[in-house]
Amino acid sequence: MASLRDTLRRATAWASGAAGVWQPVTAVSSPWGPRTDLAGVVLAGDAAAVIRGGAGSTTVDRALKVPAVARAVAQISASVAQLGLKAEGEGEVAWLDGPAEGPISGAYMWAQCALDLFWSQATVLAVLERDAAGYPAHVERVPLGLWSMDQDGRVQINGEDVDQRSVIYVPGLTPTGFLGMAGEHIDHYLGLLATIGSRSRNPIPLIDLHLTEDWAGSTRELESTRDAWAAARQHENGAVAITPRGIEAKPMMAGSSDDQAMLIAARNAARLDVANFANLPANMLEGDNGASGTYQNTLQKHSEFIRLSLPLFTVPLSARLSQDDVTPPGTRIVVPLDDLDAVMTDPNGNTTNREQPAPAPAPDPAEDMPYPTTTTGADQ
């Protein structure tokens, strides 16, 4: 059985260019192989033909063409990259900061692990070294598409059996990943974009130079008439027109309002669908920065994202890495979500962590009582 380090290095190559990341160079999993959590997940769009369902199946590249999906991925990866993972309790866990050399930082590794959980409901870490006590000392993420599971539930790397103690399988909290749930909706949205693109490339004319008589001239003369009409409209007195004999200028409908409303509603519905599949507040996918009177609502959605959305991709990591086969007893791995909520906010738009003034003292009830009056004989 080959060592895990050798298997990983054979299955990956150092990508050239500015990106400088490990990328798979082998083919994606065969559709006739054992069913895995990664079915339908590939890193190259051209490989979709050999993934579940053949050509047209949803891939990461294909899903990222949907703006709402791209923003959801950015929200998750940016949040996890900022937070990282920390160890609480006894001892230190140095490998949480990522490999000691190379471009794969801890921020990148944990953000990608969270996205693995988003895309495919699971992620795998490779244990390349252990310390004297037998606990992991060097851990790297196994890229999507390089790992699979055989029929006995054993993790394989690039189709090869590996020592199961050398891998850490991290299952997610959802029954399946985003691609498995939203694949059909991604196809629908991309079809909608294709419709909009087709209409933009083939606009409906605003004016029809309608022939009211049989045209005895040539096609070239018709084109010359059309061009002369268009040039006259751009003249400083273009609001006044003279139509040639046998031609009537008719305005054309630019498309029914119902049809345009349908396209707008369809795009909004697609964004809401992505938000529901990703378990994210919908307004975080539309670029709402809290302008005007929506600031307070935006703060509430921000809190919802931290408390209910982000844990879906961070709790599996912290829970699995806190188990005794990964870290010593008494050590707990956490993703400090409270760090995202450290800056106090108020509905007036103040996002500084300012000290609030002390409340005014409560009024003395005795001061509000009327003074007693003395009745004299003259008043009686």
Side-chain angles (χ1 to χ4, degrees), residues 17 40 42-51 53-74 179 182-277 282-283 285-289 291-292:
V42 293
L43 298 183
D46 294 340
V50 295
I51 289 297
S57 297
T58 302
T59 66
V60 171
D61 286 347
R62 185 173 174 82
L64 286 174
K65 295 182 184 297
V66 179
V69 176
R71 185 169 176 86
V73 168
L179 294 182
E184 183 178 356
H185 290 74
I186 298 301
D187 293 338
H188 288 171
Y189 185 85
L190 294 179
L192 176 64
L193 290 184
T195 299
I196 296 174
S198 176
R199 293 193 180 189
S200 67
R201 291 188 297 270
N202 300 278
I204 299 175
L206 296 178
I207 299 175
D208 172 27
L209 297 180
H210 187 71
L211 300 178
T212 60
E213 300 176 1
D214 291 338
W215 182 261
S218 65
T219 302
R220 184 178 297 275
E221 289 175 323
L222 275 177
E223 294 175 347
S224 177
T225 301
R226 178 201 60 193
D227 295 342
W229 177 273
R233 301 288 67 75
Q234 299 175 24
H235 191 268
E236 60 181 353
N237 293 320
V240 179
I242 298 177
T243 55
R245 178 181 176 180
I247 294 179
E248 179 183 358
K250 293 183 176 181
M252 297 187 67
M253 296 295 294
S256 69
S257 58
D258 291 342
D259 186 52
Q260 295 178 10
M262 185 276 293
L263 292 176
I264 296 174
R267 295 194 67 175
N268 289 334
R271 176 178 55 82
L272 292 175
D273 287 341
V274 169
N276 288 328
F277 282 123
N283 73 335
L285 302 185
E286 64 182 358
D288 185 355
N289 294 320
S292 186

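This structure is a prediction, so every number in the text was calculated from the model and none was measured.
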Item checked: Minimum heavy-atom distance Ile242-Trp229, with the two atoms named -> O-CZ3, 4.0 Å
Next item on the list: Measure the CZ-CD1 distance between Arg62 and Ile186 for me, rounded to the nearest 0.5 Å.
Entry: 9.0 Å
Next item on the list: Return the set of residues passing side-chain hydrogen bond (donor to acceptor under 3.5 Å, both in side chains) with Arg226 (not counting sequence neighbours), or none when no residue passes.
Entry: none
Note to self: Give me the atom names and distance for the closest heavy-atom approach of Ala275 to Ala282.
What the structure shows: CB-CA, 3.7 Å
Checklist line | Thr212 OG1 to Lys250 NZ distance, which is reported to the nearest 0.5 Å | finding: 9.0 Å
Notebook entry, point to check: Okay, side chain of Arg271, backbone of Ala68: is any donor-acceptor separation there less than 3.5 Å?
Noted result: no
Notebook entry, point to check: Can you tell me how far the OG1 atom of Thr59 sits from the CG atom of Leu179, to the nearest 0.5 Å?
Noted result: 7.5 Å
Item checked: Atom pair CG (Asp227) and CZ (Arg220), whose distance is rounded to the nearest 0.5 Å -> 11.0 Å
Check: Would you say the side-chain atoms of Thr225 pair up with the backbone N or O of Glu221, donor to acceptor, closer than 3.5 Å?
Finding: yes
Notebook entry, point to check: Can Tyr189 and Arg267 be said to form a side-chain contact (heavy atoms from CB on, under 4.5 Å), step by step?
Noted result: CA-CA 7 Å; Tyr189 185 85; Arg267 295 194 67 175; 3.2 Å; yes
Check: Could you give the distance from CG (Leu192) to CD1 (Ile196), rounded to the nearest 0.5 Å?
Finding: 4.5 Å
Note to self: Tell me if a side-chain donor or acceptor on Thr243 pairs with a main-chain N or O of Glu248 at a distance below 3.5 Å.
What the structure shows: no
Check: Which pair of non-hydrogen atoms, one from Leu193 and one from Lys65, has the smallest distance, and what is that distance?
Finding: CD1-O, 4.2 Å
Next item on the list: Taking salt bridge (charged side-chain N to carboxylate O under 4.0 Å, His left out) as the test, write out the residues that go with Arg245, two or more places apart.
Entry: Glu213
Check: Just wondering, do Val274 and Asn276 contact through their side chains at under 4.5 Å, heavy atoms?
Finding: no
